[in-house]
Amino acid sequence: MDKQFYLEIKRIDAKTGARYGILHTRHGDVEVPMFMPVGTNATVKCLSPEQVKACGSGVILANTYHLHLRPGEEIVRKAGGLHAFMNYDGPILTDSGGFQVFSLSSRRKITEEGATFHNELDGGKEFFSPEEAIRIEEALGADIIMSFDECIPYPSTYQYVKRSTERTLRWAKRGLEAHKREDQALFGIVQGGEFQDLREYAAKELAAMPFDGYSIGGTSIGEPKEVCFKMIKDAIRYLPQDKPRYLMGVGSIDYILEGITEGVDMFDCVLPTRLARHGALLTSHGRVNIQRAQYKEDFTPLDDECDCYTCTHYTKAYLHHLHRIGEDFGKTLNSIHNIRFLIKLCEQARIAIKEDRFAEFKEEVYAKFGSKRGF
RNA sequence: GGGUGAAUAGCGAAGUGGCCAAACGCGGCUGACUGUAAAUCAGCUCCUUCGGGUUCGGUGGUUCAAAUCCAUCUUCACCCA
């Protein structure tokens with residue numbers, strides 16, 4: 001348990017479950033609700049730490065499994081930990097590798113002990129257990145670490161989801177017992193698939209364990225939007241009020257706003273950075289595919305309401321050109337914008353919560369963005 | 001002046017009697033992306049009223065059938081003078 005890590009709730013929106021607060025960490029205080037950019041391999045793709053920070057980032061993510069494979073946690077440890085290794089002095093969170101068991105292998109074998117899976121990238125065979133994940137995460141040295149879970153595929157049968165969810169709970173307990181570093185916050189992950197009773201069960205069981213925060217996992221993996229929203233609701237009401245809630249892997253505008261409505265504090269997602277590299281840009285008036293021919297001679301800023309470096313210095317025509325030509329700088333500029341867009345969305349949400357008008361704010365964003373323009 | 005080779009869709013380039021509206025690449029036009037196997041992937045790209053129509057430098061032949069064979073013209077490249 002990290003004594004320096006705690007959530008200070010400052011305000012709860014009058015009409016929704018939205019909360020504004022300050023998350024205190026060893027590497028600084030950050031406000032929630034917040035969006036956390038993903039830097040799987042100890043780098044947010046195409047961006048320097050300075051550029052990430054200029055977007056207003058608080059926490060950023062890195063991945064246990066990827067860093068375990070390369071360069072190996074010992075290298076990171078010898079470098080002085082993730083912060084020193086990647087030159088980021090803000091808070092860092094590491095995911096446990098549970099998601100990679102799900103996404104990286106169709107031939108995974110999950111037993112009580114842990115998960116064996118074939119990494120189809122290089123044919124390698126890996127074994128991860130709750131204890132192994134914690135051991136690696138302690139060597140990496142992030143501020144917030146995740147316990148090892150099974151991300152249950154959607155759809156799955158009730159019987160399988162039940163068995164897996166119970167196992168993930170046992171893994172959570174093992175992770176807690178294995179975790180020794182007191183300067184790291186450890187989060188448990190609520191599974192339970194689409195089943196209300198299993199989400200409730202998982203949330204209650206985890207809430208009874210001394211975690212520093214709680215994640216909702218197994219969402220945004222192909223299930224319908226309504227199913228995802230229900231999974232959040234079914235889990236979050238049983239989580240402790242005074243601990244941070246983290247909705248894993250969620251990062252589209254509507255999902256973030258709905259998550260905040262239910263009382264989620266933290267979001268992470270590869271979406272903004274991946275979309276950026278692929279030329280899809282989030283703006284206050286809807287999504288812009290910068291590759292489209294219509295932007296060839298558009299000398300206006302990408303988003304006239306955005307304060308990011310990209311929007312204040314470049315035109316759509318230039319971004320279009322860089323994208324067409326395949327220049328890396330275009331990916332950088334696009335990534336800066338998309339990350340800043342989601343971080344700013346959360347900043348505005350926090351202001352709205354403080355003013356008790358979060359519900360109105362949400363409707364304003366939807367109305368402006370336009371439901372048919374794609375989130 | 002003589003000789004040799006080549007001309008294929010926007011560009012490059014396969015194809016050398018039927019399975020060819022013609023591979024593939026580039027370019028062009030769209031779309032997707034949610035705890036990063038993702039600087040990736042997918043579709044469309046001669047015309048069409050979706051029945052079909054018009055193509056492989058031009059023209060004329062041979063053949064049941066020609067981008068593919070023959071003749072000739074044009075252009076280009078290289079070599080010899």
Side-chain angles (χ1 to χ4, degrees), chain A residues 35-47 59-67 69-70 93-106 117-124 126 133 137 142 144-152 154 187 189-191 213-225 228-229 231-232 246-256 258-259 264 266-282 287-296 322-335 338 342 374-375:
Chain A
F35 176 76
M36 310 182 286
V38 180
T40 301
N41 289 302
T43 174
V44 177
K45 290 185 194 295
C46 304
L47 299 181
V59 178
I60 63 171
L61 263 72
N63 188 283
T64 299
Y65 176 71
H66 294 256
L67 294 175
L69 287 186
R70 285 183 300 186
L93 180 156
T94 45
D95 186 27
S96 64
F99 186 75
Q100 277 59 49
V101 178
F102 158 80
S103 70
L104 223 50
S105 173
S106 56
F117 60 109
H118 295 266
N119 177 342
E120 286 162 13
L121 220 203
D122 57 13
E126 289 290 331
E137 292 189 280
I144 305 168
I145 67 176
M146 292 291 129
S147 58
F148 190 62
D149 68 330
E150 181 191 354
C151 183
I152 304 166
Y154 177 89
F187 279 33
I189 303 175
V190 180
Q191 289 294 338
Y214 296 88
S215 303
I216 299 169
T219 60
S220 58
I221 50 171
E223 79 283 4
K225 194 184 280 191
C228 176
F229 293 163
M231 290 192 222
I232 299 168
Y246 162 29
L247 181 57
M248 307 183 81
V250 163
S252 64
I253 293 163
D254 52 345
Y255 278 50
I256 287 176
E258 294 308 321
V264 174
M266 306 157 69
F267 302 86
D268 83 284
C269 197
V270 306
L271 196 60
T273 42
R274 182 180 294 166
L275 288 180
R277 272 175 275 124
H278 299 169
L281 304 171
L282 306 167
R287 195 156 133 174
V288 165
N289 287 337
I290 202 65
Q291 66 178 0
R292 292 180 62 147
Q294 71 182 93
Y295 301 116
K296 191 170 185 174
L322 292 182
H323 186 266
R324 285 298 181 95
I325 219 78
E327 282 289 342
D328 290 349
F329 188 49
K331 297 178 176 69
T332 296
L333 290 177
N334 293 348
S335 297
N338 272 359
L342 290 185
F375 290 103

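Convention: sequence-line order gives letters A, B, ...; per-chain numbering from 1.
The side chain of Q291(A) lies closest to rG31(B), out of rG31(B), rG28(B), rG35(B).
Taking the P atom of each, rU68(B) and rG18(B) are spaced 11 Å apart, rounded to whole Å. Straight-line distance between the C1' atoms of rA42(B) and rC79(B): roughly 50 Å, to the nearest whole Å. When the C1' atom is compared between rU34(B) and rC29(B), the two are found 27 Å apart, to the nearest whole Å. Of the P atoms belonging to rG53(B) and rU49(B), the separation is 15 Å, rounded to the nearest Å.
The salt bridge (charged side-chain N to carboxylate O under 4.0 Å, His left out) search around D254(A) returns K225(A), not counting sequence neighbours. Every residue was checked against the salt bridge (charged side-chain N to carboxylate O under 4.0 Å, His left out) condition with E126(A), not counting sequence neighbours, and none meets it. Partners of T332(A) according to the side-chain contact (heavy atoms from CB on, under 4.5 Å) rule, which considers only residues two or more places apart in sequence or in another chain, are C46(A), L47(A), Q51(A), F329(A), I336(A).
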For a quick test of your reading: what N or O donor-acceptor pairs under 3.5 Å do the side chains of residues 215-222 of chain A make, sequence neighbours left out?
{"residue": "S220(A)", "atom": "OG", "partner": "G249(A)", "partner atom": "O", "Å": "3.1"}

Atom pairs under 3.5 Å, N or O on each side, protein against nucleotides 42-45 of chain B: can you list them with distances?
none

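Ring orientation note: the planes of Y246(A) and F187(A) are nearly perpendicular, at an angle over 60° on the 30°/60° scale.
For RNA chain B, the neighbouring residues in residues 270-280 of chain A, judged by any heavy atom under 4.0 Å, are V270(A), L271(A), T273(A), R274(A), L275(A), R277(A), H278(A), A280(A).
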